[in-house]
> 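Just dropping this structure here.
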Protein chains: 2
Amino acid sequence: MSRTPETSAVQRLIDTLSLSDQVRHYLLDALTSGRLRPGDRINEAELARTLGISRNPVREAVSGLAQRGFLVSAPRRGHYLRRFTPQDVDDVFSFRICVESFAIRQALPRMRPADHDDLARLVERMVAAARVGRLAELHQADMVLHRRICELSGNRQTLRAHEGIDTEVQMLIAYVDLEREPPLQSALAHLPIIEALASGDVERSVSAMQHHLETTWAFVHRMYGRTSRGEPLVAAEDAPPSQSRRIRE
Amino acid sequence: MSRTPETSAVQRLIDTLSLSDQVRHYLLDALTSGRLRPGDRINEAELARTLGISRNPVREAVSGLAQRGFLVSAPRRGHYLRRFTPQDVDDVFSFRICVESFAIRQALPRMRPADHDDLARLVERMVAAARVGRLAELHQADMVLHRRICELSGNRQTLRAHEGIDTEVQMLIAYVDLEREPPLQSALAHLPIIEALASGDVERSVSAMQHHLETTWAFVHRMYGRTSRGEPLVAAEDAPPSQSRRIRE
DNA sequence: AAACTGTCCACTGTCTGCAGTTGATGTATT
DNA sequence: AATACATCAACTGCAGACAGTGGACAGTTT
């Protein structure tokens, strides 16, 4: 049996997903990559045609993302990517600090040497990627590092919450990447965190994480101070309903 | 024009929801009320027949709840309510303490006298309900109180996270309400919290909240120590996939 | 010219039907 | 009797189609 390259293995895994799951990933990527911009509506029929499938899987994916808060829905008028306000940035990042600090507190006592090595390798990857300007790889490793800490906490609720936060953050920065933290600085900013973790000092680790997140927060906030000026900021969560059918029971 | 009672107004509001939204609420109620028990499978066709609708709205609701983690899905074999382990209890409650503490820190500086009165009235309702043994009303007010604090934080992420936690907690206690905290004690336990909030002392408020949640945590944990003994505890998140179709890119 | 009204189109929400898979039941084989 | 295999019913995943609504546009009125 001929060995297939890694991408094919991944591809085979993807192929086993239901169509609605594939659409969900497709849309999540569109959201977090900036291909879909705030205010953009999702045309179910058109998307279904584009993907070569029927509308049902599309609807399931879209409706699920709306339930999770990544899309807003206007009854009878479809779903769209909501707009972001400076307050959204503050909400996400302040909550993120809360969650990731908690993750560190739960993770650190459980961490073994191999885990510390893992994190160190991730930072190395970030630094290397930053040096050669591979930004995508840098941000990928960045995301993995933060998620890894949540995984190490062993708390499913924490990990789940982080998933949502991470998606929010990626959506926030997806379409305003005008000015980011310098890559190398961004990569090196994680060193104090893993060093503090390796030392076993919980409070120092939490402080380091908070400092790092506050820096990122400030960058994102600055972008929103500029880019969102004058735009209609508040998402239309209203919309008058209409029809009237009821389920039995 | 004849005035309709309040329930009709609510009913009219529900009627304006799409069928899938109605099913979603129906299922959430089934989950949190204990009508659906851990391990129970959801038969889409049967549920659709019961509700007198087609399978599509049912599928959308079910798939959304699965995406939010309230149901586990086994490809080609349907969705079911996952089983709960003692660790799930610990995960939920420790994270809940994290979130609600954070909510207090953000909410307290923003609270106005009217807000404190609001919370006080809720506790009064709880005590009154506890005295006359109206447990449903007690727990309802309890839930509203905790959510209200998250609302007062003004942080959408916090509120959203709390929604998930609250659902998890209700699912946890829905089918094991063998021994709960005595009603009156449960109601009175909230007094120190709102008193501390009224005094404006953040740290004391957080401590009071943590103490209260740890008490509840201990009660729920004790129930799981007993009831889940011997049962298959771990949810089946595995299941071998099969088919292979792909969306066009 | 502005506001109002009627018509039309695009899209969502829902329904019915079909194919493929899964798990179960029954049968044959050792 | 136990195991392997074939058969079958039930259910999920998906497709295609229809009805009703919302918004746009044009025509009419003041």
Side-chain angles (χ1 to χ4, degrees), chain A residues 12 14-27 36 39-67 71-81 236-248, chain B residues 12-27 36 39-67 71-81 232 236-248:
Chain A
R12 256 178 289 136
I14 290 178
D15 288 352
T16 63
L17 293 177
S18 69
L19 289 184
S20 41
D21 283 339
Q22 293 182 53
V23 176
R24 183 161 51 86
H25 289 298
Y26 174 89
L27 282 174
L36 206 63
D40 281 359
R41 268 190 49 193
I42 292 180
N43 186 326
E44 295 176 4
E46 183 188 330
L47 180 55
R49 273 195 305 272
T50 305
L51 301 177
I53 61 178
S54 80
R55 272 181 51 219
N56 285 20
V58 174
R59 276 186 66 81
E60 282 173 30
V62 170
S63 130
L65 293 176
Q67 282 188 49
L71 298 172
V72 297
S73 61
R76 292 270 174 201
R77 279 185 293 125
H79 300 78
Y80 39 105
L81 181 46
E237 306 228 33
D238 45 342
S242 41
Q243 64 177 19
S244 180
R245 268 204 60 187
R246 281 186 62 199
I247 59 179
R248 282 205 291 264
Chain B
R12 256 178 290 136
L13 194 61
I14 290 178
D15 288 352
T16 62
L17 293 176
S18 69
L19 289 185
S20 40
D21 283 339
Q22 294 181 53
V23 176
R24 184 162 50 85
H25 289 299
Y26 173 90
L27 282 175
L36 208 64
D40 281 359
R41 267 191 52 194
I42 293 180
N43 186 327
E44 295 176 4
E46 182 189 330
L47 181 55
R49 274 195 305 273
T50 304
L51 301 177
I53 60 178
S54 81
R55 274 179 49 218
N56 283 23
V58 174
R59 275 186 67 80
E60 281 173 30
V62 169
S63 130
L65 293 176
Q67 282 188 48
L71 298 172
V72 297
S73 61
R76 290 271 174 199
R77 280 185 292 127
H79 300 77
Y80 33 115
L81 180 46
E237 307 226 32
D238 45 342
S242 40
Q243 64 178 19
S244 179
R245 271 205 57 187
R246 282 186 61 200
I247 58 179
R248 283 204 291 266

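Each chain gets a letter, A, B and so on, in the order the sequences are listed, and its residues count up from 1. Note that the structure is a prediction, hence the values are computed from the model and not measured.
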> In whole Å, I'd like the distance from the CG atom of B/Asp21 to the C1' atom of C/dG13.
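So the two atoms are 11 Å apart, to the nearest Å.
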> With a 4.0 Å limit, can you tell me whether A/Ser20 has a side-chain N or O closer than that to the phosphate oxygens OP1/OP2 of D/dC14?
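For D/dC14, OP1 or OP2 has a side-chain N or O of A/Ser20 closer than 4.0 Å.
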> Report each atom pair, protein N/O against N/O of nucleotides 15-18 of chain D, whose distance is under 3.5 angstrom.
{"residue": "D/dA15", "atom": "OP1", "partner": "B/Arg245", "partner atom": "NH1", "Å": "2.8"}
{"residue": "D/dA15", "atom": "OP1", "partner": "B/Arg245", "partner atom": "NH2", "Å": "3.3"}
{"residue": "D/dA15", "atom": "OP2", "partner": "A/Ser54", "partner atom": "N", "Å": "2.7"}
{"residue": "D/dA15", "atom": "OP2", "partner": "A/Ser54", "partner atom": "OG", "Å": "2.7"}
{"residue": "D/dA15", "atom": "N7", "partner": "A/Asn56", "partner atom": "ND2", "Å": "3.4"}
{"residue": "D/dA15", "atom": "N6", "partner": "A/Asn56", "partner atom": "ND2", "Å": "3.0"}
{"residue": "D/dG16", "atom": "O6", "partner": "A/Asn56", "partner atom": "OD1", "Å": "3.4"}

> Are any protein N/O atoms closer than 3.5 Å to N/O atoms in nucleotides 9-11 of chain C? If there are, list each pair with its distance.
{"residue": "C/dC11", "atom": "OP1", "partner": "A/Asn43", "partner atom": "ND2", "Å": "2.8"}
{"residue": "C/dC11", "atom": "O5'", "partner": "A/Asn43", "partner atom": "ND2", "Å": "3.4"}

> Dump the intermediate steps for side-chain contact (heavy atoms from CB on, under 4.5 Å) on B/Gln22 and B/Ile53, then the final yes or no.
CA-CA 11 Å; B/Gln22 294 181 53; B/Ile53 60 178; over 6 Å; no
> Round to the nearest Å and state the distance from B/Leu47 atom CG to D/dA10 atom P.
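Rounding to the nearest Å, CG of B/Leu47 and P of D/dA10 are 19 Å apart.
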> Could you state the interatomic distance from CG (B/Asn56) to CG (B/Leu19), rounded to the nearest 0.5 Å?
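Here the interatomic distance stands at 10.5 Å.
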> Any side-chain heavy-atom pair from A/Arg59 and A/Val62 closer than 4.5 angstrom?
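No, side chains not in contact.
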> State, yes or no, whether a side-chain contact exists between A/Leu17 and A/His25 at a heavy-atom distance under 4.5 Å.
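Yes; the side chains approach each other to less than 4.5 Å.
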> Quick one: closest heavy-atom pair of A/Ala61 and A/Leu27, and the distance?
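Smallest heavy-atom distance, with atoms named: CB-CD1, 4.4 Å.
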> According to salt bridge (charged side-chain N to carboxylate O under 4.0 Å, His left out), does anything in residues 46-57 of chain B pair up with another residue at least two apart or in another chain? List the pairs.
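As it turns out, the salt bridge (charged side-chain N to carboxylate O under 4.0 Å, His left out) pairs with a partner in residues 46-57 of chain B, which skip direct neighbours, are B/Glu44-B/Arg55.
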> To the nearest Å, give me how far apart CZ (A/Arg59) and P (C/dC15) are.
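Rounded to the whole Å, the gap is 11 Å.
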> Just the rounded figure in Å: distance from C1' of D/dG13 to CG of A/Leu17.
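Checked: the CG to C1' distance equals 13 Å.
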> In whole Å, what is the span from the CD atom of B/Glu60 to the C1' atom of C/dG13?
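After rounding, the reported distance stands at 8 Å.
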> Identify the heavy atoms of A/Tyr80 and A/Gly39 that sit nearest to each other, and give their distance.
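For A/Tyr80 versus A/Gly39, the nearest heavy atoms are CB-O, 4.0 Å.
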> Please examine the side chains of B/Asn43 and B/Leu47, heavy atoms only from C-beta on, and report whether any two atoms are closer than 4.5 Å.
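With C-beta onward as the side chain, the pair stays apart.
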